[in-house]
Amino acid sequence: LVTWKRNCSSCCLLSYRSDHNETSKENCSERITWKYSPVSDPVLRIYPVNLGDEGNYTCEIANSEGTFRIFSSLTVIVPPTVTLTRDKSRVAVCQASAGKPPADISWIPASSHSSEEDFPHPNGTVTRVSYFGWANSSLSFPSVTCLVTHPATNQTLVMDL
């Protein structure tokens, strides 16, 4: 017997019983299934994955040798949408929208004239906005570069000043 379950009440339960060659699904969407045949390789497949799938999962295998449990934690990473714009007051605005975890934003050249804000969303993603002002700066440079670092993507955007 092989069983996959998410550790919460009324969550998906996917199982295979080899002596009857039976598979069963309880409370599972069509996105949750076996990656291959549970007979040869009982790997869980969630596709496409979404933020609601995040959590702890248990695989339980029972045979004549005993019962074995494997615990796995699923963390869903969402790449942000990145934009670089300027406003009328000579401020460059680098925005990493709806990322999970929040993106890191840095500037080239580095400046003490930058600031940052986070805007959390109900689904667990975060929009991070960084502002780079050069209006009252003694710095003289032709462009500014926004570096966005995230586990799912790294992006570099350049703006001519």
Side-chain angles (χ1 to χ4, degrees), residues 1-85 92-111 114-132 144-159:
L1 178 66
V2 178
T3 304
W4 275 100
K5 60 185 172 183
R6 183 155 167 219
N7 299 355
C8 67
S9 61
S10 75
C11 281
C12 173
L13 177 72
L14 187 65
S15 63
Y16 169 69
R17 186 171 168 171
S18 63
D19 60 343
H20 291 98
N21 196 26
E22 288 178 346
T23 59
S24 70
K25 285 174 106 172
E26 295 176 30
N27 300 323
C28 299
S29 75
E30 293 302 314
R31 299 177 306 102
I32 300 174
T33 187
W34 302 103
K35 184 173 182 180
Y36 306 109
S37 164
V39 176
S40 59
D41 195 4
V43 175
L44 182 66
R45 179 178 192 247
I46 305 172
Y47 184 82
V49 69
N50 65 42
L51 286 167
D53 297 322
E54 195 166 75
N56 297 313
Y57 292 78
T58 303
C59 177
E60 192 171 278
I61 300 170
N63 60 25
S64 60
E65 306 278 323
T67 301
F68 306 90
R69 286 181 189 87
I70 299 169
F71 302 97
S72 184
S73 178
L74 175 64
T75 301
V76 177
I77 296 173
V78 180
T81 301
V82 179
T83 58
L84 178 58
T85 57
V93 180
C94 186
Q95 182 167 309
S97 301
K100 183 177 180 296
D104 291 322
I105 299 175
S106 56
W107 295 94
I108 297 174
S111 170
S114 65
S115 63
E116 194 168 270
E117 286 183 281
D118 284 349
F119 300 94
H121 303 285
N123 66 0
T125 62
V126 174
T127 294
R128 179 162 286 168
V129 183
S130 183
Y131 306 93
F132 182 97
V144 66
T145 301
C146 168
L147 302 171
V148 177
T149 307
H150 188 271
T153 185
N154 291 325
Q155 293 185 38
T156 303
L157 301 175
V158 179
M159 175 187 291

With side-chain hydrogen bond (donor to acceptor under 3.5 Å, both in side chains) as the test, would you mind laying out the steps for Trp4 and Thr58 before giving the verdict?
CA-CA 6 Å; Trp4 275 100; Thr58 303; over 6 Å; no
Please walk me through it: do Ile46 and Tyr57 pass side-chain contact (heavy atoms from CB on, under 4.5 Å)?
CA-CA 12 Å; Ile46 305 172; Tyr57 292 78; 3.7 Å; yes
Take Ile61 and Leu1 through the side-chain contact (heavy atoms from CB on, under 4.5 Å) test and state the conclusion after the steps.
CA-CA 6 Å; Ile61 300 170; Leu1 178 66; over 6 Å; no
Ser24: what forms a side chain to side chain donor-acceptor pair (under 3.5 Å) with it, not counting sequence neighbours?
Ser15
Counting C-beta onward and ignoring hydrogens, is there a side-chain heavy-atom pair between Ile32 and Leu44 closer than 4.5 Å?
yes
Let me confirm one number: the CD1-SG distance from Ile105 to Cys94, rounded to the nearest 0.5 Å.
4.5 Å
State which residues pass side chain to side chain donor-acceptor pair (under 3.5 Å) with Gln95; sequence neighbours excluded, sorted by chain then number.
Ser97
Compare all side-chain heavy atoms of Val129 with those of Val93 and state whether any distance is below 4.5 angstrom.
yes
Sort and list the pairs that fulfil salt bridge (charged side-chain N to carboxylate O under 4.0 Å, His left out) and have at least one residue in residues 28-47, not counting sequence neighbours.
Arg31-Asp53
What are the two closest heavy atoms between Ala96 and Val148, and how far apart are they?
CB-CG1, 4.2 Å
Does any non-hydrogen side-chain atom of Leu157 lie less than 4.5 Å from one of Val82?
yes
Checking Thr3 against Leu13 for the side-chain contact (heavy atoms from CB on, under 4.5 Å) test, could you report, in this order, the C-alpha distance in whole Å, the side-chain angles of both residues, the deciding distance, and whether it holds?
CA-CA 7 Å; Thr3 304; Leu13 177 72; 3.1 Å; yes
With side chains defined as the heavy atoms from C-beta onward, is the minimum distance between Ser114 and Tyr131 less than 4.5 Å?
no
Contact between Pro101 and Val126 at the side-chain level, heavy atoms closer than 4.5 Å - yes or no?
no
By disulfide bond (SG atoms under 2.5 Å apart) - contacts of Cys59 (at least two apart):
none
For Thr145, all residues meeting side chain to side chain donor-acceptor pair (under 3.5 Å), sequence neighbours excluded:
none
For residues Phe68 and Asn63, report the shortest heavy-atom separation together with the two atoms involved.
CE1-OD1, 3.7 Å
Quick test of your reading: applying salt bridge (charged side-chain N to carboxylate O under 4.0 Å, His left out), list the pairs with at least one residue in residues 121-132, sequence neighbours left out, ordered by first then second residue.
Asp104-Arg128, Glu116-Arg128, Asp118-Arg128
The salt bridge (charged side-chain N to carboxylate O under 4.0 Å, His left out) partners of Lys100 (sequence neighbours excluded) come to Glu54
Using residues 69-80 as the side-chain source, report each donor-acceptor pair under 3.5 Å to any protein atom, sequence neighbours left out, with the distance given to one decimal.
residue	atom	partner	partner atom	Å
Arg69	NE	Glu60	OE1	2.8
Arg69	NH2	Glu60	OE1	3.3
Ser73	OG	Asn56	OD1	3.3

Inter- and intrachain pairs under side-chain hydrogen bond (donor to acceptor under 3.5 Å, both in side chains), touching residues 147-159, at least two apart:
none
What are the two closest heavy atoms between Lys25 and Thr33, and how far apart are they?
NZ-CB, 4.3 Å
Looking at CG of Asn27 and CG of Leu14, how far apart are the two atoms once the value is rounded to the nearest 0.5 Å?
12.0 Å
What pairs of residues pass the salt bridge (charged side-chain N to carboxylate O under 4.0 Å, His left out) test when at least one of them lies in residues 9-20, not counting sequence neighbours?
Arg17-Asp19
Restricting to side chain to side chain donor-acceptor pair (under 3.5 Å), what partner residues turn up for Ser18, sequence neighbours left out?
none
Counterpart residues, side chain to side chain contact (heavy atoms under 4.5 Å, CB included), relative to Asn21 (two or more places apart)
Tyr16, Val39
Assess the residue pair Trp107 and Leu147 against the criterion (side-chain contact (heavy atoms from CB on, under 4.5 Å)); give the C-alpha distance rounded to whole Å, side-chain angles, the decisive distance to 0.1 Å, and a yes or no.
CA-CA 6 Å; Trp107 295 94; Leu147 302 171; over 6 Å; no
